[in-house]
Number of protein chains: 2
Amino acid sequence: MGASKADFFTKEQNDLASLFKAMSHPARIAIIQYLLSVDSCICGDIVNELPLAQPTVSQHLKELKNAGVIQGNIDGTAICYCLNLETMQKIQHYFGEISSKLQKKCC
Amino acid sequence: MGASKADFFTKEQNDLASLFKAMSHPARIAIIQYLLSVDSCICGDIVNELPLAQPTVSQHLKELKNAGVIQGNIDGTAICYCLNLETMQKIQHYFGEISSKLQKKCC
DNA sequence: TTATTATATCGTAATATTGCAATATAATAA
DNA sequence: TTATTATATTGCAATATTACGATATAATAA
């Protein structure tokens, strides 16, 4: 046996888990924070910002993009990555709902 | 080589990644949603709510507790688990900050 | 055309996660 | 005391993730 019983859970549960999994690695958090720190979205130097090899960074960027955390647009020879505002707002809203429901309870 | 280069990232980056990792499995999302759906926090029947064996559920609960997503209090022979409001609010705030910074940018 | 530059993909070794049977622990009941 | 009930821990097989060298792709420059 081992990993993955995804079929027994709802699509919503699997989708949320995938979204959090995309952000469950410090390198990917670092990418998110870096994209937030630069003024524009033209960011061809993410590789130089991280203590990881170029293929590893490329792989992390792909995971963030697949999960909808970032968006990537081709810009000549470089790729222009930026955070996906809609996804960030969706997560904020999800935890806002949880927080307000929780406040009406015992703990 | 393989997994884990945690030493090269900041404590904040590692802590955030751990928090999201705790929520990166559909079974753990299902636990969060179930804890939210019951009125009180006396929940000795989480095992019956999930399509997983008791040791597996116990392991998932431990991970959620270690990450601060849930709190567990001993209640006689049962354990009383409930969501950690402070953690939920912290996540909401983090993505609120990201969203408002993003809105001042190009994309 | 041949560099050069930037990013992606492949292949694979190291490591981590997942799930559960078996077993242990702890509290209460009989 | 011996059940019974509820939860935790151990050990291990199956699977997934991580990291990167090697290589591929694609755009521009010389």
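All chains are named by letter (A, B, ...) in the order of the sequence lines, taking the proteins before the strands, and each is independently numbered beginning at 1.
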### Message
The side chain of A:Q59 is closest to which nucleotide in this list: D:dT18, C:dA22, D:dG21?
### Response
D:dT18

### Summary
B:I31 atom CD1 is separated from C:dT18 atom C1', nearest whole Å, by 13 Å

### Check: B:T56 side chain, B:L52 main-chain N or O, donor-acceptor pair, under 3.5 Å
no

### Summary
Rounded to whole Å, the CG-P distance (A:L61 to D:dA19) equals 13 Å

### Task
Identify which one of B:L83, B:L36, B:V69, B:L64 satisfies the side-chain contact (heavy atoms from CB on, under 4.5 Å) criterion when paired with B:I31.
B:L64

### Task
Can you tell me the distance, in whole Å, between the CG atom of A:L52 and the C1' atom of D:dC20?
10 Å

### Query
Who does C:dT25 pair with, Watson-Crick or G-U, both distances under 3.5 Å?
D:dA6

#### Entry: Rounded distance in Å - CD (B:E49) to P (D:dA6)
14 Å

#### Entry: Atom pair distance, as rounded to whole Å: CG in A:L64 and P in C:dT7
15 Å

### Query
Under 4.0 Å: is that the gap between some side-chain N or O of A:K62 and OP1 or OP2 of C:dT9?
yes

### Task
Give the rounded distance in Å between these two atoms: CZ of B:F20 and P of C:dT17.
17 Å

### Query
Between B:R28 and B:K21, what is the shortest heavy-atom contact and its length?
NH2-O, 3.2 Å

### Summary
Note: for B:P55 and A:S58 on DNA chain C, the residue whose nearest nucleotide lies more 5' is A:S58

### Message
The side chain of A:E63 is closest to which nucleotide in this list: C:dC20, D:dT18, C:dG19?
### Response
D:dT18

### Task
Rounded to the nearest angstrom, tell me the gap between atom NE2 in B:H25 and atom C1' in C:dC20.
13 Å

### Strand partner of C:dG11, provided both Watson-Crick or wobble distances fall under 3.5 Å
D:dC20

## Note on the structure
Between B:V38 and B:L35 the two heavy atoms that sit nearest each other are CG2-O, 3.6 Å

### Task
Go ahead and name the base partner of C:dT1; Watson-Crick or wobble counts if both distances stay under 3.5 Å, otherwise write none.
D:dA30

### B:T56, nearest nucleotide to its side chain (from D:dA19, C:dT7, C:dG19)
C:dG19

## Note on the structure
Which of A:V47, A:I46, A:N48 passes side-chain contact (heavy atoms from CB on, under 4.5 Å) with A:L50? It is A:I46

### Query
Which is true for A:K21 with a 4.0 Å heavy-atom rule: it touches a base, it touches only sugar-phosphate, or it touches nothing?
sugar-phosphate

### Query
Has the side chain of A:Q54 got a donor or acceptor that lies under 3.5 Å from a partner of the other kind on the base of C:dA8?
yes

### Task
Ignoring backbone atoms, test whether A:Y81 places a side-chain nitrogen or oxygen under 4.0 Å from the OP1 or OP2 oxygen of C:dA6.
no

### Query
Can you tell me how far P of C:dG19 sits from CZ of A:F8, to the nearest Å?
11 Å

### Query
Under 4.0 Å: is that the gap between some side-chain N or O of A:H60 and OP1 or OP2 of D:dA19?
yes

